[in-house]
Amino acid sequence: MKFKVKTPCLAYTKPGGSEIFAHLTTGQVVSGKKGQLKTINNVKYREITVKSKKVWVKASSLKRIAPDYRKKVLDNAKSIYKEIIQIGCKHKGGAKSLAGIRKKKITTCATSVSAVLQEAGMMPRGKLLSHTSAVGSSKAIRSKHSKKKAISGLSALKKDTYEIHWVGKSWAHVPDKYKVPGAIIIQDSNIAIYKGNGKFYSTNNGGSQKKNGKYISNIVTTKSYCGTSPTLYIIIPKRGE
């Protein structure tokens, strides 16, 4: 975990001790671990690392720097979707985690996105974020997409890592403020990650993405299904400082 110094303070060799190790300045960035706190005389001290040494500072002098989950999603999408092609994954049900994609060499749009979210620290291992429960039903939701539908596995996403918006319109009508690289788009029968510049990371069942059943491309454009089918929800990972 990273912290920013809010006000000038002292770093001690022991919590609550008198031996000063260093003077910290406003805006200085230091690292520490979650839960590394001790209370001395009703004052909380946090263990941090300064110049490769473990020292203690008043917790009230620090502010946690929130992780940039949007960047994490983009970085992991780039590597994971590339790997899906390299190991010759096929589109098939059954893969429930990143391990399933690598070992079984199968994937779906949901498992590929979920693998990215797991690697980004937004979702626990083994969980699955999918599109609506209307998929596979006799009545396609695309004909009545003004109605909100549940997102399977949404509760598995860590609440402080994202914001979610209902859209219910084609990509061309999605507000520009939601079209941010790293956003996860939920459609009636697809889930993908927006790469930016009108392109998406996607592993749907489109023939243009595959050859002999294996993926040869994981990038699609707004002219594909991702751009023409109604976007029901957009999940935007939060950006840190």
Side-chain angles (χ1 to χ4, degrees), residues 68-78 80-81 84 91 93 107-118 120 122-123 127-210 215 217-240:
D68 191 342
Y69 289 106
R70 201 175 301 178
K71 184 178 185 303
K72 287 176 177 287
V73 166
L74 281 172
D75 289 345
N76 283 290
K78 182 178 180 180
I80 288 173
Y81 279 78
I84 286 172
H91 185 286
T107 186
T108 65
C109 57
T111 55
S112 54
V113 168
S114 297
V116 171
L117 295 176
Q118 289 173 29
M122 295 177 64
M123 174 183 284
K127 298 296 183 179
L128 188 71
L129 180 73
S130 187
H131 34 64
T132 72
S133 58
V135 175
S137 66
S138 58
K139 295 182 179 180
I141 188 176
R142 63 173 59 92
S143 63
K144 51 178 182 178
H145 55 268
S146 61
K147 295 183 180 180
K148 296 183 179 181
K149 295 288 181 177
I151 300 175
S152 177
L154 183 64
S155 61
L157 279 180
K158 297 179 181 179
K159 298 300 182 184
D160 61 344
T161 64
Y162 72 95
E163 60 184 56
I164 185 169
H165 302 277
W166 163 258
V167 180
K169 298 179 181 179
S170 66
W171 184 258
H173 298 91
V174 173
D176 288 340
K177 63 182 179 180
Y178 297 159
K179 295 180 179 179
V180 298
I184 296 95
I185 63 167
I186 309 289
Q187 298 178 315
D188 59 331
S189 58
N190 190 35
I191 176 171
I193 297 173
Y194 187 52
K195 183 178 185 294
N197 297 320
K199 297 180 180 180
F200 306 84
Y201 290 107
S202 177
T203 52
N204 60 26
N205 210 16
S208 63
Q209 288 187 272
K210 298 184 299 180
Y215 279 103
S217 173
N218 283 320
I219 304 296
V220 296
T221 68
T222 52
K223 294 181 179 180
S224 70
Y225 184 86
C226 285
T228 59
S229 181
T231 296
L232 305 180
Y233 289 94
I234 292 185
I235 298 174
I236 303 177
K238 289 187 178 181
R239 176 177 285 172

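Throughout, residue positions are numbered sequentially from 1 according to the sequence presented.
- Using a 4.5 Å cut-off on side-chain heavy atoms (C-beta onward), K169 and T231 make no contact.
- Looking only at side-chain heavy atoms (C-beta outward), V220 and K199 stay at 4.5 Å or farther from each other.
- For S114, there are no side chain to side chain donor-acceptor pair (under 3.5 Å) partners, not counting sequence neighbours.
- A donor-acceptor pair is defined here as one N or O able to donate and one able to accept, closer than 3.5 Å; such a pair exists between the side chain of S224 and the backbone of T221.
- Checked against the 6.0 Å centroid criterion, the rings of W171 and Y178 do not qualify as a close aromatic pair.
- Side-chain contact between N190 and S202 is present, with heavy atoms from C-beta onward closer than 4.5 Å.
- You'll find the side chain of I186 stays beyond 4.5 Å of the side chain of I234, heavy atoms only.
- Summarising the geometry, atom OG belonging to S152 is positioned 6.5 Å from atom CG belonging to L128; distances are rounded to the nearest 0.5 Å.
- In terms of the side chain to side chain contact (heavy atoms under 4.5 Å, CB included) criterion, T228 has no residue partners (sequence neighbours excluded).
- The nearest pair of heavy atoms linking H131 to I191 is CD2-N, 3.9 Å.
- With a 4.5 Å cut-off on side-chain heavy atoms, K179 and Y194 count as touching.
- Qualifying side chain to side chain donor-acceptor pair (under 3.5 Å) partners for Y69, counting only residues two or more places apart in sequence or in other chains: none.
- Here the side chains of P181 and R70 are not in contact, with every heavy-atom distance at 4.5 Å or above.
- Counting heavy atoms from C-beta on, the side chains of I164 and I151 come closer than 4.5 Å.
- Partners of K71 according to the side chain to side chain donor-acceptor pair (under 3.5 Å) rule, which considers only residues two or more places apart in sequence or in another chain, are D75.
- L232 has its side chain within reach of W166: a pair of non-hydrogen atoms, C-beta onward, lies under 4.5 Å apart.
- For the pair Q209 and S217, the tightest heavy-atom approach, listed with the atom from each and the gap, is NE2-O, 3.0 Å.
- Panel note: side chain E163, backbone K238; no donor-acceptor pair is recorded below 3.5 Å.
- The neighbour count for N197 CG, taken as heavy atoms of other residues, nucleotides or ligands under 6.0 Å away, does not exceed 12.
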**OP:** Evaluate side-chain contact (heavy atoms from CB on, under 4.5 Å) for T203 paired with T108, printing each intermediate quantity in order.
**Re:** CA-CA 6 Å; T203 52; T108 65; 5.8 Å; no
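- The two atoms that bring I184 and P237 nearest to each other are CD1-CG, 3.9 Å, heavy atoms only.
- Atom CZ of F200 and atom SG of C109 lie 13.5 Å apart (nearest 0.5 Å).
- Partners of A77 by side chain to side chain contact (heavy atoms under 4.5 Å, CB included), not counting sequence neighbours, listed by chain and number: Y81, V116, I193, Y201.
- Closest non-hydrogen pair, H165 versus I236, comes out as CD2-CD1, 3.9 Å.
- With sequence neighbours excluded, the residues forming a side chain to side chain contact (heavy atoms under 4.5 Å, CB included) with L157 are L117, M122, M123, L129, L154, Y162, I235, listed by chain and number.
- Between S130 and A110, the shortest heavy-atom contact is OG-CB, 3.9 Å.
- K78 NZ: 12 or fewer foreign heavy atoms inside a 6.0 Å radius.
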